[in-house]
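Everything on this sheet refers to the single structure shown next.
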Amino acid sequence: MEGPKLPKKKTKATSLDIAHRANVSQATVSRVLRGSPLVNVETRKRVEEAVRELNYKVDRHASSLRTQRAGTLALLLFEDPTPDDSHINPFFLSMLGSITRACAKHGHDLLVSFQQLSDDWHADYEDSMKADGLILLGYGDYIAYESMLAHLVAQGTHFVHWGPVLEGQPSISIGCDNDAGGMLAGRHLLACGRKRVAFLGGASIRFPEFLARYRGCDAALKEAGLAMDPALQVDADSTEQAGFDAAQTLIARGLPFDAIFAGSDLIAIGALRALKEAGLRVPEDVAVVGFDGTPMARFSNPPLTTVVQNTTKAGELLVDTLLRLVRDEPAQSITLEPTLEVRASSAG
């Protein structure tokens, strides 16, 4: 015989139930529950009515996360085009290790999230309450990215990003002195006897780091009474394939050049292959200099001269600066000085 049927246990309402009832997102429910001013009056009333109808009770543990620190920082890595499935710019891998170590030093966990720039990542991440602040790596088109940074500022989100340090930018950035790096490359190429320097990379306001590198190299050449020739500049994203294609375009123009300064190591490595296929010797015919100081630059053929960015110091500063913001302490953007690592691609 069957025993007596037990009454079904009443299921506790969740924020997802509230979201369905009010026809809003969970992030909007979170905003209403914490009194965010970003929610309009009509939407707030719908959510509050759903809360009453479902007899929703706020989880006290979750509530505490809204008023206390989680002890976790979030790293948002934006996908880059790569020939494999990693979608990670190799330059950021060494910085990731430094960020992880810096978090551990400060007793914080690190949450790593991969993002696509097309996603509405900036709108709702603040409300997940998973982390005390955000570190952003990678940005693509800076003009579109800057509007997203401004949105985070308006939300009151604690965040810092790696990238150009620009006058009037809405947020705090840790970055490389790209003008100085370009000057290092230009002066080195001049010392190697080069006068016609091509530049591979998008030298425009949409790519301010590449633009500053181009500008720095041009300043170095002008010190010697020379200048960069705009006809020797070819746009390229930071990939080996883009560097290969850009170098082929440069060669096809038929203009004389005796050096290539690439906006990144990846571009430079692609250019090395294109030069070899065209029968041009490196460095005898064309000297090549990259930018970033990635480990793969040591193992290119020939080994690549590169402007080195200090990723160890960068990771430490990203974490230290973000924690200052979390503690509501004064913080400011910081520019790091690059160095030059000379190898066989420019000094055979």
Student check: side-chain heavy atoms of Gln309 and Leu336 closer than 4.5 Å: no
Does Asp237 use its side chain to pair, donor to acceptor, with the backbone of Thr239 at less than 3.5 Å? no
Before you tell me yes or no, could you show the steps for Arg273 and Glu277 under salt bridge (Lys or Arg N to Asp or Glu O under 4.0 Å), namely the whole-Å CA-CA distance, both residues' side-chain angles and the distance that decides it to 0.1 Å? CA-CA 6 Å; Arg273 179 184 158 198; Glu277 290 189 6; 3.1 Å; yes
Examine distances only and state if a side-chain atom of Thr14 and a backbone atom of Leu16 form a donor-acceptor pair shorter than 3.5 Å. yes
Is it the case that the side chain of Asp245 and the backbone of Ala242 share a donor-acceptor pair, with hydrogens and angles ignored and the cut-off at 3.5 Å? no
Would you check if Val282 and Lys276 make a side-chain contact, meaning some heavy-atom pair closer than 4.5 Å? no
Under 3.5 Å, side chain of Ser300 to main-chain N/O of Pro302, donor-acceptor pair present? yes
Give the cluster check for Val165 versus Val307: same hydrophobic cluster or not, with ILVMFWY residues linked at side-chain heavy-atom distances below 4.5 Å. no
Are the side chains of Ile251 and Leu275 in contact, using a 4.5 Å heavy-atom criterion? yes
So, taking the atom named CG in Leu317 and the one named OG in Ser173, what distance separates them when rounded to the nearest 0.5 Å? 11.0 Å
With distance as the sole test, does Thr305 use its side chain to make a donor-acceptor pair with the main-chain N or O of Val342 at under 3.5 Å? no
Would you kindly say whether Asp265 and Thr294 are connected by a side-chain donor-acceptor distance under 3.5 Å? yes
In terms of hydrophobic clusters joined by side-chain contacts under 4.5 Å, are Met296 and Leu304 together? yes
Does Phe257 offer a backbone N or O that forms a donor-acceptor pair with the side chain of Arg196 under 3.5 Å? no
Using side-chain heavy atoms (C-beta onward) and a distance below 4.5 Å, is Ser204 in contact with Leu211? no
Phe244 and Val288: same hydrophobic cluster, using ILVMFWY side-chain contacts below 4.5 Å? no
Is the CG atom of Leu255 crowded by more than 12 outside heavy atoms at less than 6.0 Å? yes
Quick one: CG on Asp320 to CG on Leu325, what's the gap to the nearest 0.5 Å? 11.0 Å
Among Asp179, Asp177, Ile174, which residue satisfies the side-chain contact (heavy atoms from CB on, under 4.5 Å) criterion with Thr335? Asp177
Hey, any chance Leu77 and Val319 share a hydrophobic cluster, counting ILVMFWY side chains that come within less than 4.5 Å of each other, even indirectly? yes
Go through it in stages, so that I can follow the logic: the residues are Leu221 and Leu190, the test is side-chain contact (heavy atoms from CB on, under 4.5 Å), and I'd like the CA-CA distance, side-chain angles, deciding distance and then a yes or no. CA-CA 7 Å; Leu221 294 185; Leu190 285 168; 3.6 Å; yes
Without swapping roles, check the side chain of Asp109 against the backbone of Thr72 for a donor-acceptor pair under 3.5 Å. no
In terms of the angle between their ring planes, are Trp162 and Phe91 parallel, tilted or perpendicular, with boundaries placed at 30° and 60°? tilted
Would a distance-only check, ignoring hydrogens and angles, find a side-chain to backbone donor-acceptor pair under 3.5 Å from Arg324 to Pro330? yes
Residues Arg21 and Asp17 bridged, charged N to O under 4.0 Å: no
Do the side chains of Asp258 and Lys195 get close enough for a salt bridge, i.e. N-O under 4.0 angstrom? no
In Leu75, Leu73, Val112, Thr311, the residue satisfying side-chain contact (heavy atoms from CB on, under 4.5 Å) with Ile99 is Leu75
Would you call the rings of Phe199 and Phe210 parallel, tilted or perpendicular, where under 30° means parallel and over 60° means perpendicular? perpendicular
Taking Ala231's backbone N and O only, do any of them form a donor-acceptor pair with Arg253's side chain (distance below 3.5 Å, no angle check)? yes
For a 4.5 angstrom cut-off between non-hydrogen side-chain atoms, does Leu250 reach Ile260? yes
Between Asp235 and Gln233, is there a side-chain donor-acceptor contact under 3.5 Å, judged purely by atom types and distance? yes
Heavy-atom side-chain contact between Cys176 and Pro338 under 4.5 Å: yes
Shared ILVMFWY cluster between Met183 and Leu340, side chains joined below 4.5 angstrom? no
Donor-acceptor pair, Gln169 side chain versus Leu166 backbone, under 3.5 Å? yes
